[in-house]
2 protein chains.
Amino acid sequence: MVTERQRVSIFDVAKMAGVGVATVSRVINSNPRVSPLTRMRVEAAIEALGYHPSRLASGLSKGRQDMVAVLVPFITRPSVVARLEGVIEVLDRDGFGTAVYSVRSLEQRDRHLDYLMDRHAAIGVVVISIPLTQLHVERFRTNGVYLSLIDTASEGVPHVVVDDRTGGCLAATHLISLGRRRIGFIGDEDLTGLGFASSYKRLCGLEDALNNYHLEHDRSLVRLGRHGSLEARQLCDQLLELDRPPTAIFAASDTQAVGVLASAEAHAIRVPDDLAVIGFDGLEISSILGLSTIEQPLYESGVEGAKRLLQQLDGREVEQVKHVLRLELKARSTTISTHALSKSGA
Amino acid sequence: MVTERQRVSIFDVAKMAGVGVATVSRVINSNPRVSPLTRMRVEAAIEALGYHPSRLASGLSKGRQDMVAVLVPFITRPSVVARLEGVIEVLDRDGFGTAVYSVRSLEQRDRHLDYLMDRHAAIGVVVISIPLTQLHVERFRTNGVYLSLIDTASEGVPHVVVDDRTGGCLAATHLISLGRRRIGFIGDEDLTGLGFASSYKRLCGLEDALNNYHLEHDRSLVRLGRHGSLEARQLCDQLLELDRPPTAIFAASDTQAVGVLASAEAHAIRVPDDLAVIGFDGLEISSILGLSTIEQPLYESGVEGAKRLLQQLDGREVEQVKHVLRLELKARSTTISTHALSKSGA
DNA sequence: TTGTATGCGTTATCAT
DNA sequence: ATGATAACGCATACAA
């Protein structure tokens, strides 16, 4: 039925153009050592035959391929996707494909890493928000597979991060400066073993802030659970039903803060009057809901992470092994109870 | 510096195990025609050497590789990501890698498609929410690259979709049955040339519903713009500032409905009393906000789409070329103004 | 500037 | 059951 047309190879092109395969190869790889005339003849043949070089053969011959692997946890999280988008865009611009490996457990992480420790699987690997062991890193190094980290760090490996602890402190200080003393925290529980370092660091930042003001930290106001709005709402319900409920809540992410807002509404608790709420990330939803937050450049983190991988491929040393992105407090209507807030939402 | 350890090949394993390369290959591919003893010796050597078969060489030899490409538009949209997650999960379970190609324009679509029309680039391609031309489809067929479509359709190609038009009708009928007559619509503008078919079909469904009730459709209540909450809010602002504003709004997606809710709040318009709002998709946010919506199985669409690709790879005929997923009306507090809504939010 | 020949690491065919 | 060897399609060192 389907005439599985025989693949056109570099050989066919060479024959049609009346040249050797090496010349065709040179044309493909824009090697300057080809006369303009020959180049044109070859290009014509390529066009006529509808020839596509085989990435497989090319990769095999060169000992590496043009695919970059990206390891991501929980791909449905908006923050992860925003980063991923940046990665894909940069890689694509440089002609690299992006293979996405989703990891939900430590076993899955190790299985994928094991597979990717091979220049024939991917020329380089970008890891987003997943902790690596020193052993993994070593093996990548010895195997000559490049590595670039986003939102996670490892000794000697290029990584781009934000200072989550300072961000947490920033958020809490904002709440304290507003007169709030009982500050609840809703963050991620470490169920998977993939950590959730950022959530933990942000909590540390909260404690830093309380310490700075010599305030005691009521540990019973800290609730951890699975990441998600629904879970966060339930955790917040618990907090709001306490005898002495918090007067402010710092959620480890905007997604969780959305759950907090829903919980407050269900309890008919006025925000920010009775409860101030601040999130983290600066997702679009925060801007829409007037949610105060600590904004981090997610997309940019992807861009930077990918660029740092490309630098290594080019043989350039990565100038700054540790690249720290800025954080910015966005004070909106869930903490500041003023006027004309529809305007300041940007 | 870095001792770029020489790659261990099938040859090294053969030598160490004292067998031929063919035998090693058989072991790798779990070919039964190997004696248990030899198998063990080979496996031991593989383990000892830390050998990984080269996917490149394997692919070249077999004339195809184990990477599936996925074409996605606007990867940051939650609906797209949910689908993508399903695809990745299924492919991974079957040992296939997933290369993600993001497309934002027609040129980019064609460039990627052109590249992927090659069994050496990907053994199969899954396309999400992007329209294809008949020409593209033909070329895939003649090149022997398998194709599976999600949220888009093409003659003779396996695809999984929902009935957007019926869904739109469902949403509108719900609003009409609630006594609303002036129904606004906020949907996607076709800026990119990638269509946005679903948004358009949902609008058609709205008109169907109006026709069913012999209601006139006020075209001035239809506003199209870039997909996103912020844009939707602005469009809704226009609608609410009309002399005769709508009494209900159907947003083509939950993301846009969120913008509508924000706009209503900014205008101090009560929902659902003065304005009923319904979205589409059934994202987590809809459940949190109590947003009425038409829920579609996004994750499942990815799962199904990937499965249908795998069926083709297995040489099985896809039994159902067109697979239609169900839609479900979730009536929540943005259309129904009753009691105890915090409970019905599921 | 251009062509020839070898190697990249597998798989598969054919012997044995 | 196992081994030798020819593809697979390209890049590149070397020769011309």
In whole Å, what is the span from the NZ atom of Lys62(A) to the P atom of dG7(C)? 20 Å
Could you tell me the separation between the CD1 atom of Ile10(B) and the C1' atom of dA4(D), rounded to a whole number of Å? 13 Å
Take atom CZ of Arg7(B) and atom C1' of dT10(C), then tell me their distance rounded to the nearest Å. 10 Å
Separation of dC10(D) P from His120(A) NE2 (nearest whole Å): 16 Å
Do Ser58(A) and Ser61(A) get their side chains close enough for a donor-acceptor pair, meaning under 3.5 Å? no
DNA chain D: Arg33(B) or Ala22(B), which has the more 5' nearest nucleotide? Arg33(B)
Below 4.0 Å: OP1/OP2 of dT12(D) and any side-chain N or O of Ser25(A): no
Please evaluate the base of dC10(D) for a donor-acceptor partner in the side chain of Ser61(A) within a cut-off of under 3.5 Å? yes
Does dA1(D) have OP1 or OP2 sitting under 4.0 Å from an N or O in the side chain of Thr38(B)? no
How about Tyr101(B) and Gln108(B): does a side-chain donor come under 3.5 Å of a side-chain acceptor? no
Select one nucleotide: of dA5(C), dG9(D), dG3(D), the one nearest the side-chain heavy atoms of Val21(A). dA5(C)
Asn29(B) side chain: which of dA11(D), dT11(C), dG9(C) is closest? dT11(C)
Value in whole Å for how far the P atom of dG3(D) lies from NZ of Lys15(B): 15 Å
Looking only at the side chains, is there a donor atom on one of His112(A) and Asp92(B) sitting less than 3.5 Å from an acceptor on the other? yes
Grab the CG-P distance between Leu60(B) and dC8(C) for me, whole Å please. 14 Å
From CA spacing to verdict: salt bridge (charged side-chain N to carboxylate O under 4.0 Å, His left out), Asp12(A), Arg7(A): CA-CA 9 Å; Asp12(A) 304 310; Arg7(A) 181 175 230 294; over 6 Å; no
Rounded to the nearest angstrom, tell me the gap between atom CD1 in Ile46(A) and atom C1' in dG9(D). 14 Å
Rounded to whole Å, NE2 of His52(B) lies from C1' of dG9(C) at a distance of 15 Å
N/O (side chain, Ser58(B)) to phosphate O (OP1/OP2, dG9(C)) under 4.0 Å: no
What nucleotide among dT2(C), dG9(D), dG3(D) has an atom nearest to a side-chain atom of Thr23(B)? dG3(D)
For atom CD of Glu319(A), decide whether the heavy atoms of other residues, nucleotides or ligands shown that lie under 6.0 angstrom number more than 12. yes
Between the base of dG3(C) and the side chain of Arg26(A), is there a donor-acceptor distance below 3.5 Å? yes
